[in-house]
Participant: 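Pasting a structure here, questions to come.
Note on naming: letters A, B, ... go to the chains in the order of the sequence lines (proteins, then strands), and numbering restarts at 1 for each one.
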Amino acid sequence: MSQADVKGRGAVSDVRLPPRGRDQPPQPASRRTTFYGTLFRNELHTTFRRWRTLALLAVLAAVPILVGIAVKIETGDGSSTTGGGGGPAFISQITNNGLFLVFTALAATLPFFLPMSIGVIAGDAIAGEANAGTLRYLLVAPAGRTRLLLTKYATVMTFCLVATLVVAVSALTVGAVLFPLGDLTTISGTQITFAEGLGRALLIALVVAASLTGVAALGLFVSTLTNSGIAAMATTVGLLITVQILDQIPQLHALQPYFFSHYWLSFADLMREPVYWDDLVKNLGLQALYAAVFGSAAWARFLAKDITT
Amino acid sequence: MDQPSATDPDPEGSGDGAGGDAGGDESGDESVIRTRALTKRYRGGQLAVDGLDLTVPAGSVFGFLGPNGSGKTTTIRMLMGLIEPTSGTARVLGRPMPRAARTVLPHVGALIEGPALYGFLSGRDNLVRYDAADPTADPRTRNTRVAAALDRVGLAAAAGKKAKAYSLGMKQRLGLAAALLQPRRLLVLDEPTNGLDPQGMREIRSLVRELASDGTTVFLSSHLLDEIEQVCTHAAVMAQGRLITQGLVADLAAGTRGRLVVTTPDPADAARVLKEQGAGDVVVAEDRVTADPPDGELADITMALVTAGVRVRGFGVERASLEDAFVALTGEGFDVAG
Ligand SMILES: Nc1ncnc2c1ncn2[C@@H]1O[C@H](COP(=O)(O)OP(=O)(O)OP(=O)(O)O)[C@@H](O)[C@H]1O
Ligand SMILES: [Mg+2]
């Protein structure tokens, strides 16, 4: 699914199949694609047309702008930048190289803004439809419960990717406008070219998006538990904040490796030379575990659910 | 994912497809909906439907009646596979629900407890979304079918408007359009004329007749009894989760006898003559005299009236309405059963 399809607001997404000869029977393969494809395309189209989705993306795009301007003003005073909260290793380097704004912005949005926006979209996925009553018509269409749930999860995952890329692209743009670009120094102190730096930035964005799959599955599960979209969103975001707080309490350190957010900032290890993979792999494994556990729970719950709204 | 055999993109073909599928189960059984001891107890403990044995013959326009809270919508939810029965079975188009939802539902258009729409989408895009949710719907004909459905419910001019800007009746029409996106073998309409203007109601009635004449079975729940009387061939009456009666509408109304009505400036004389002629339960109200008609030729009564010098302004038998039958069956009480 290309960006153009997602953003093509006026066009009705489902009718732009390549014209096929009338005499040519539809291929089994294409029918299978259609089985999941049309609903998924429509779901993306519907999700990305909502004001709420666009507002979330706008907030995410604004974060790098604010960080960029703040850093610019601070250094404009003549004082040198001092390491701050999110991603101290990166923020001090922004004035030398705008590309570091990408890493800083991702480090700043990953703990809260990004997962919160995922929580909103995932929490609303089923509960919002139930609340509006549209769920019963989708099921009577019949969308199929498994197919609908898979479509919803795929859409939330797409949103994770789009949201992360929005942060990254906004940061890159602001970085390029406000600061110089060029070769950069890794955390390990080695030099890499700007092109390689860009590649790492893209890789980091993908890892950040993948870091959100656990929250997405959790949000979808919560969404199957209630008929109120607001309640599901609030619960998911509440869980997110709780886990983030618990992750800071030293007495709980035996549990902390199982918190979905525990290895989130490991993406910085992609900026080492050589790359330090341990925590990255743990993070991705943990996300897969959460996706499997809460995905199955959501499926079991949704299949047995009485739809009375 | 097991692909249902009725997923042929060609709507004609798919119609035949499920006909073939269902044929085995349906042979010798012309019912489109058949429930056996269907029971639903909600999680709160409320027994909403209690041992329902409902049979809806193919090709009928079936009125589903009952006071508020009698379990009509709950029954429809079970038939559509939205909720699991507590016990008992339901078969729709000859196949068990909710198990066969995938193969059955593409042939069923439904309006359940009013329309539900995406306010931020246009009327047209709402239909496109519901159509996209149906895996058997051919995407290549989607735009044409959506336009035809909008046209059919008189919404073509408002198709581009956001659904949140629709009036109650327009939303109802759009909900109906969603049920008409494909040729259907069964239409389930839960209070379809709710919120419609008189023209809209007439349109729906003629639409239902038209669909029925094309062979679609229509299952219609409504509180407007004269509406049911006008369009339905069959009816069932529910009260407190139980089925009270089902059968031909004509038989239902006939169960309650009609009344003989004489309008006259001489009511006292008329009442005397009617009693002489063997009419029972004679009631005089100003210039109207009503009575249970006696057996035999009614023309003999007019003759007796005229012979006795009673001046007659009007004479006739008022047929018992379905409303009379309904009240007789479900009681006069206004309060909803708890
Ligand atoms: N989700 C629910 N949970 C618990 N009880 C319910 C639920 N939905 C309906 N009921 C109860 O089930 C009974 C039947 O309700 P139902 O909606 O089927 O009635 P109905 O015949 O459609 O009424 P109406 O004519 O008002 O639409 C009622 O007593 C109602 O209180
Ligand atoms: Mg109802």
Participant: What's the shortest heavy-atom distance between B:A132 and A:N42, and which atoms?
Facilitator: CB-CB, 3.9 Å
Participant: State whether the side chain of A:R147 and the backbone N or O of B:A133 hold a donor-acceptor pair below 3.5 Å, judged by distance alone.
Facilitator: yes
Participant: Do any N or O atoms from the side chain of A:Y137 and from the backbone of B:L117 form a donor-acceptor pair under 3.5 angstrom?
Facilitator: no
Participant: Please name all residues satisfying ring pair (Phe, Tyr, Trp, His ring centres under 6.0 Å) with A:F260, sequence neighbours left out, ordered by chain then number.
Facilitator: A:W264, A:Y290
Participant: How many angstroms lie between CZ in B:R102 and OG1 in A:T146, if you round to the nearest 0.5 Å?
Facilitator: 7.5 Å
Participant: Looking only at heavy atoms and a cut-off of under 4.5 Å, which of B:G114, B:G109, B:P98 has the most pairs with chain A?
Facilitator: B:G114
Participant: Using non-hydrogen atoms and a 4.5 Å limit, figure out which bit of B:L121 sits close to chain A: side chain, backbone, both or neither.
Facilitator: side chain
Participant: Can you name the residues of residues 299-309 of chain A that have some heavy atom under 4.5 Å away from a heavy atom in chain B?
Facilitator: A:K305, A:D306, A:I307, A:T308
Participant: As a quick check of understanding, evaluate side chain to side chain contact (heavy atoms under 4.5 Å, CB included) for B:V128 and A:H45, giving each step before the final call.
Facilitator: CA-CA 11 Å; B:V128 166; A:H45 196 66; over 6 Å; no
Participant: Does anything in residues 117-133 of chain A reach chain B? List residues with heavy atoms under 4.5 Å apart, or say none.
Facilitator: A:E129, A:A132, A:G133
Participant: Taking atom CZ of A:F113 as the centre, report whether more than 12 heavy atoms of other residues, nucleotides or ligands fall under 6.0 Å from it.
Facilitator: no
Participant: May I ask you to list the residues in residues 213-222 of chain A that approach chain B closer than 4.5 angstrom, counting heavy atoms only, ordered by number?
Facilitator: none
Participant: Measuring from atom CZ of A:R49 to atom OH of B:Y118, what distance do you get when rounded to the nearest 0.5 angstrom?
Facilitator: 13.0 Å
Participant: Using non-hydrogen atoms only, which part of B:P115 is less than 4.5 Å away from chain A: side chain, backbone, both, or neither?
Facilitator: backbone
Participant: Can you find a heavy atom in the side chain of A:T134 that is under 4.5 Å from one in the side chain of B:R129?
Facilitator: no
Participant: Any side-chain to backbone donor/acceptor pair from A:R136 onto B:M80? Under 3.5 Å, distance only.
Facilitator: no
Participant: For B:A101 and A:P142, which heavy atoms make the closest approach, and how far apart are they?
Facilitator: O-CG, 4.1 Å
Participant: Atom CD1 of residue position A:I230 - does it have more than 12 heavy atoms of other residues, nucleotides or ligands inside 6.0 Å?
Facilitator: no
Participant: Are any non-hydrogen side-chain atoms of A:V140 and B:L82 less than 4.5 angstrom apart?
Facilitator: yes
